[in-house]
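Protein chains get the first letters and strands the later ones, always in sequence-line order, with residue 1 at the start of each.
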Protein chains: 2
Amino acid sequence: MTASSRPGPPRLRRSAGDRRAQLVQIGLELLPTTPVQELTIDEVARRAGISRSLLFHYFANKREYYTAVTRAAADLLLDHLLPEPGTPAEQQVTGMLDRYVGWVETFPETYLAFVRGAGGGDPWVSEVYEETRGRLVQVALTTLDLPDDALRRQLVLAWFAFTEDLVGSWVQEPTVTRAELLDLLRDVLDRLVARG
Amino acid sequence: MTASSRPGPPRLRRSAGDRRAQLVQIGLELLPTTPVQELTIDEVARRAGISRSLLFHYFANKREYYTAVTRAAADLLLDHLLPEPGTPAEQQVTGMLDRYVGWVETFPETYLAFVRGAGGGDPWVSEVYEETRGRLVQVALTTLDLPDDALRRQLVLAWFAFTEDLVGSWVQEPTVTRAELLDLLRDVLDRLVARG
DNA sequence: CCGGTTTGCTGAGCAACGCTCAACAAGCTA
DNA sequence: TAGCTTGTTGAGCGTTGCTCAGCAAACCGG
């Protein structure tokens with residue numbers, strides 16, 4: 001009992017890839033309850049059962065870890081939203097909107113924590129967020145068969161801010177039916193991009 | 001030279017009110033370059049020429065200081081936006097929109113830092129922000145002579161998110177004239193609140 | 001002028017956190 | 001078994017949020 005009285009299994013070594021994935025996964029699991037910026041290395045390392053030092057072996061600094069987690073969350077969202085290859089063009093945007101609302105309904109905390117963490121503070125993190133919004137706008141403009149000039153990009157991005165806000169408050173207080181919400185969002189988008 | 005070799009004036013004592021106001025003022029001056037959450041007590045105290053401890057004499061903790069600074073910034077914005085008493089009703093919203101765009105044009109960094117800091121992270125800070133938006137929506141609904149039911153509040157709040165986003169990107173890249181921007185914003189608002 | 005009270009104010013110091021570094025040890029291979 | 005690679009750790013440093021005992025500047029009554 002003098003040296004190395006370790007309670008659990010003797011010691012678990014993981015491959016670099018496994019460990020990195022595990023750490024990102026832990027970050028994703030904490031996102032629903034914590035904006036990404038409030039994750040502490042201590043907490044993540046504790047949950048992974050490793051020392052703080054090891055996390056810095058895989059991520060140069062806190063920021064790099066944050067952006068990795070945020071990018072993973074963004075990829076999950078994009079995978080969920082992007083239309084399946086076979087979908088007819090006129091249904092793609094509708095389908096994306098539908099899945100978006102469904103995602104917010106299913107994971108409201110994750111959604112809020114993601115948007116909050118992405119919007120605020122750290123520029124590196126919000127850069128990932130902006131990139132994700134940009135990709136969604138790109139898809140929308142393409143499937144709507146519209147030229148993506150600067151004005152239209154601005155309008156669709158702003159419409160996205162509108163949508164995020166409205167869907168967020170609608171989930172907390174459903175003032176209209178789900179179908180009406182979708183119609184309204186789609187209608188506002190159509191009227192906006194019709195300008196110019 | 002053994003004891004108390006102080007270079008400047010012997011020591012400056014301020015009244016509690018003065019000191020508090022000074023500290024909030026320093027926070028306001030730092031806002032253009034720093035989202036509120038990234039203010040450090042150290043930096044603020046250094047600029048005020050006092051010890052870190054004193055700041056905690058006036059604000060129980062960092063959060064309380066942040067909210068005080070955010071509230072001060074919000075009050076400045078509201079004072080600037082709210083219509084003067086004599087204005088005819090139909091011009092009030094137009095005037096607010098105009099002043100809002102003007103404010104963003106004049107202080108783009110302050111605006112960004114304010115919105116960023118308010119949206120992200122700390123719930124206490126974003127509470128102040130939400131309260132400010134709520135007051136603006138209240139004024140808008142009143143002057144437009146509309147009932148403020150839950151749906152309309154949601155719509156106007158979401159329109160405000162739309163406006164924030166669009167004006168923010170328009171300032172960086174003016175794709176339309178200022179007048180066209182104002183018309184568009186006003187038109188979208190009118191169409192939204194006409195629903196229901 | 002002097003002792004006393006109020007109160008603005010400081011310095012030492014603790015805990016938590018981000019981060020570094022030298023070194024240990026698990027697992028593979030020769 | 002020796003040796004190499006590399007996953008992993010513990011000690012420790014600087015910063016930051018925060019506490020607390022106590023100093024000292026200003027206002028008092030005498």
Answer yes or no: is there an ion pair linking B:Arg186 with B:Asp190, defined by an N-O contact shorter than 4.0 Å?
yes

Any side-chain heavy atom of A:Leu166 sitting closer than 4.5 Å to one from A:Leu181?
yes

Is the number of heavy atoms from other residues, nucleotides or ligands within 6.0 Å of CG (B:Asp18) greater than 12?
yes

Could you check how far CZ of A:Arg20 sits from C1' of D:dT8, rounded to whole Å?
17 Å

Return the value, rounded to whole Å, for the distance between atom CZ of A:Phe59 and atom P of D:dG7.
13 Å

Rounded distance (Å) that lies between atom C1' of D:dC18 and atom CD of B:Glu64:
13 Å

The nucleotide from D:dT8, C:dG18, C:dT10 with an atom nearest the side chain of B:Ser53 is C:dT10

Pair B:Arg135-B:Gln138, side-chain donor/acceptor within less than 3.5 Å
no

Measure from the side chain of B:Asp42, starting at C-beta and using heavy atoms only, and say which of C:dG18, D:dT16, D:dA24 lies closest.
D:dT16

Whole-Å distance, A:Arg19 CZ to C:dA26 P, equals 14 Å

Separation of atom CD1 in B:Ile50 from atom P in C:dG8, rounded to whole Å:
12 Å

Going from OG1 on B:Thr110 to CG on B:Leu28, what distance comes out if it is rounded to the nearest 0.5 angstrom?
9.5 Å

To the nearest angstrom, how far is B:Phe56 atom CZ from D:dA21 atom P?
17 Å

With respect to the side chain of B:Leu54, which nucleotide from C:dC19, D:dG7, C:dT10 is positioned closest?
C:dT10

Of all the choices, C:dA12, D:dG7, D:dC18, which nucleotide is nearest to the side chain of A:Tyr58 once you look at every atom?
D:dG7

Give the rounded distance in Å between these two atoms: NZ of A:Lys62 and P of D:dT16.
12 Å

Could you tell me how far apart B:Arg13 (CZ) and D:dA26 (P) are, to the nearest whole angstrom?
6 Å

Over 60° means perpendicular and under 30° means parallel, so tell me whether B:Tyr100 and B:Phe160 are parallel, tilted or perpendicular.
tilted

Which part of the nucleic acid, if any, lies within contact of A:His57, taking any heavy atom under 4.0 Å across all strands shown: a base, the sugar-phosphate backbone alone, or nothing?
base

So, is B:Arg63 close to the D:dG17 phosphate, meaning a side-chain N or O under 4.0 Å from OP1 or OP2?
no

Please determine whether side chain to side chain contact (heavy atoms under 4.5 Å, CB included) holds for the pair B:Glu64 and B:Tyr58, giving the CA-CA distance in whole Å, both sets of side-chain angles, and the decisive distance to 0.1 Å.
CA-CA 9 Å; B:Glu64 209 172 274; B:Tyr58 293 104; over 6 Å; no

Could you check whether A:Ile41 gets within reach of a base, just the sugar-phosphate, or nothing at all, counting any heavy atom under 4.0 Å?
sugar-phosphate

Pairs under 3.5 Å (N/O, protein and nucleotides 2-5 of chain C):
none

Measure from the side-chain heavy atoms of A:Thr40 and tell me the nearest of D:dT6, D:dG10, C:dC17.
C:dC17

Selected nucleotide, minimal atom distance to B:Arg52 side chain, candidates D:dG17, D:dT9, C:dC17
D:dG17

